Amino acid sequence: MLANLGYGALIIALMVCIYGIGAALYGVIREKNVWVNSARNAMLLTAPLITLSVVAIVILLIDGNYELDYVASVTSNSMPLYLKITALWGGQAGSLVFWSWLMSLFASAVTLRRWDRDREFLPWVIIIVLVTLTFFLCLNIFLENPFARLWQMSGGLIVKSMLPPSGAMLYMQSDGNGLNPLLRHFGMIFHPPMLYLGFVSFVIPFAFALAALITGRTDDRWIRITRRWTLVAWLFLSLGLVLGSRWAYDVLGWGGYWGWDAVEISALMPWLSGTAFLHSIIIQEKRNMLKQWNMALIILTYDLVIFATFLTRSGVLSSVHAFAQSAIGPLFFAFIALTFLVSIALLMHRWNDLKSDSHMTSLFSREALFLLNNLLFMGILVVCFWGVIFPLLSEVFTGQKVTVGPPYYKAASGPLFAGLLLLMGVAPLAAWGRSTYKTLGRAIWKPAIFAIIGIGWAIVEGVKNPWALLGFGLCALVTGVIVEEFWRGARARQRTKGENFVLALWRLAGRNRRRYGGYIIHLGVVFMALGIIGIELFQTNTQATIAQGEQITLDGYVLKYEKLSIFDTEDRRNIARAVVHVYKDGRFVQELYPRRDFYYESQQQMTIPGVRSTWEDDLYIILVEWEPVSAESATFKVFRNPLINWLWFGAIIFMLGALAAALPEKEGIVQIRQVKHSEYSTAKV
Amino acid sequence: MEESISIKDQSNPGNRLKFIIAGVLIVAAMIYLIVTSTKAGAQYFLTVDELSAKSTSLINRDIRISGAVLGDTIHYDTETFVLEFDIAHVPGDNNEIEAQGGLAAVLHAAVENPDLNTLHVVYSGVKPDLLRNEAQAIMSGRLGDDGIFYADELLLKCPSKYEEALPEQAES
């Protein structure tokens, strides 16, 4: 019953979408506002309808209605409640509904904004959002129906169908398959939703960009409307990526935080183009340049978002994340091709209107360095894209499938990331318009002292690796620049306004949140870079089989194997849990419990490391094997991951900076500038 | 103010050239980086059959290979952390796998069929949780002179459950 209700709600939502598209089109062609308003109401209606469907799925999941194929495939009786709820996005069908649901919520939020000054965008934004939503709803209704039931035919064959086939009996299992143990983690609560929120919210700036192209209102109004959306989308996407990374670090067993897996890369790609977009719209706002480029970037980002959803959900590439092969691949491909071609055609159509009257003058001006930043982000994007499609290309052209692995990605993207780090230091020092290497040289000497101190300190600490020294130097440089920016700004305020330093610092950042939020994000990136340098270049490990009471040593750590207990849990796991005492420089510091869980229902095991985390490093112990009955001896693998916690700490700083930048600014001054600007651009037309 | 500066400068051909040269240099450097990294990081994606057909020419090249794990052959030495097992041939092409009834069915058939080509694999490291009979092992490494595959990286997929419990033909 509930399943029918949920499915019915999806179908009605689809019809509402189609109506909305039609009404908006009719309204805009015939210039009848009534129809546009009706389309707007249709868009608002999708949210409660899809919400109903989502609620239905969640109730069915919690209740364990195993006659539903989806429920049986992603939940089981022994799963805790939170995992039953998160199973909504644990499989393909559910996660597509989840996607549509988030989309409808965002669409409603957009619909409810005040449209007085940009009424002409409204019907087109509605159409673009609803077309996207229609596509996802169609996937759910026709191909990946989470409400489809299982039926047993008279011959015994099990069939999946929404309606009962003739002569079939409802096939009711007493327990489900359960969620893959690898997904049974707290990361499951936040990682997929954050990633999806990021994906979905990038649809909004795309919709406005296309609306601007269609209506010919090619000033930067669309950017001003959507810049906070873009920041929010980017914040969620970043958060999703970092949470996934942390999850992998906790679960995958060797302390890996990023594996250059095809699915990880596909989620990284829209982030790369989105980050480039965030930077280059600043040039458009400040200098009225790069309009065509910004359009191209947001179109690219939108299609990369769809592509990423497709890759994670189609199983087209072999990857630890891809659980399923299904029929949705070709449809995704067709949708991406269609939206991309239409968008590019529109961009070509407006190409001349988007021509800028300003030109770059100096290679060392702020805008030129921003452009270089864009080039580097695009370079990394090309590296990723090339790596993902290379196996397909090589198969087509040489008949031999050749793949590229993590060494390729590291070698090709490493220098580009280093270049970005350098730019992060240099660009804030350059002036808009004109800036020569001389003025830049004068500005950089103070932060350069930071860099030299940083490198010197690393050498004293015993670092010899030249790449690490370069990395630490760049990190110190960027830190120096950021500190100087805050210092200079606050001092200037202190002088002119007579505020004390702390207040001046606070007001400075508060008055220009995007700029200073940006610096905080950069600082977060610096910390993350420290963590990455630490684990990539200085990770050490050892392994040994030892008897109880014996010990392993690694880099000043001594690990003593105390005992091991083996027991069953209520949720049908068998756990082998070792107790290891950790000594550092001869002093006892911590007791750790590396363990191995064996899931009876899926016959699958999962290794959970014992980890001691400090600012200096993580000591990461894995229980590999043990003597079955006596537990007399056990085998451990131990990793030391230097500086890794700076990666997580940096990520938190990063998010705080992004949050600060995304918060609404004090409107007053900005508003006046906006009006002046649009007057200026209309006057030109 | 800013606008007037840029308008004044816009018709400076030398300026434009400067940007074009800088851009071309940077793009060329990136292409060089991608090409050399591709060459260094390329791995041949092969099936067990393909490997046995042209084994001599592939010795000591980077190879990525996948096959069905034969459960009985798994041996793990906890003293030396050396893991050994055999894999049986499975087709590399997705369509071929689908035609034979999906990955689970293909893996099952591969393990049951004693006539298929097999490959002995040696890997040193921690034994992965998912390694078991009928799992799909995806490995990268090198083929030694002795005909043994030395894996540096070992990825496993167990398609028998999770989301694919239903055989494909049961889809309505």
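Sequence lines set the chain letters: A, B, ... in the order given, protein chains first and strands last, and positions in each chain run from 1. Only heavy atoms go into these numbers, but all of them, side chains included; no hydrogens, no water, no symmetry mates. Only a predicted model underlies this, so the values are computations on that prediction, with no experimental measurement involved.
Once rounded to the nearest 0.5 Å, the distance linking CE of B/M30 with CG of A/L376 reads 6.0 Å. Between atom CE of residue A/M378 and atom CD1 of residue B/I26 there is a gap of 14.5 Å, rounded to the nearest 0.5 Å. Distance OH/A/Y408 to OG1/B/T36: 9.5 Å, rounded to 0.5 Å. In this structure, CD1 in A/I622 is found 15.0 Å from NZ in B/K127, a value given to the nearest 0.5 Å.
Of all non-hydrogen atoms in B/F19 and A/A368, the two that sit nearest each other are CE2-CB, 3.9 Å. Pairing each heavy atom of A/L363 with each of B/K18, the nearest pair is CD1-CG, 3.6 Å. Between B/L33 and A/A412, the shortest heavy-atom distance links the atoms CD2-O, 3.0 Å. Residues B/A42 and A/V402 come closest through the heavy atom pair CB-CG1, 3.7 Å. Of all heavy-atom pairs spanning A/F636 and B/F81, the tightest one is O-CZ, 3.7 Å. In this structure, A/T403 and B/R64 approach most closely via the heavy-atom pair OG1-CD, 3.1 Å.
Interface remark: B/I34 contributes backbone and side-chain atoms alike to the contact with chain A (heavy atom separation under 4.5 Å). In this structure, chain B has no heavy atom under 4.5 Å from any part of A/L371. Heavy-atom distances place no part of B/S140 under 4.5 Å from chain A, backbone and side chain included. In this structure, chain A has no heavy atom under 4.5 Å from any part of B/S66.
Around atom OH of B/Y76, more than 12 heavy atoms belonging to other residues, nucleotides or ligands sit under 6.0 Å away. Within 6.0 Å of atom CG in B/D72, 12 or fewer heavy atoms from other residues, nucleotides or ligands are found, so the atom counts as exposed in its surroundings. In this structure, A/F598 places its CZ atom where more than 12 heavy-atom neighbours from other residues, nucleotides or ligands lie under 6.0 Å away.
Among A/A148, A/A411, A/P406, the residue making the largest number of heavy-atom pairs under 4.5 Å with chain B is A/A411.
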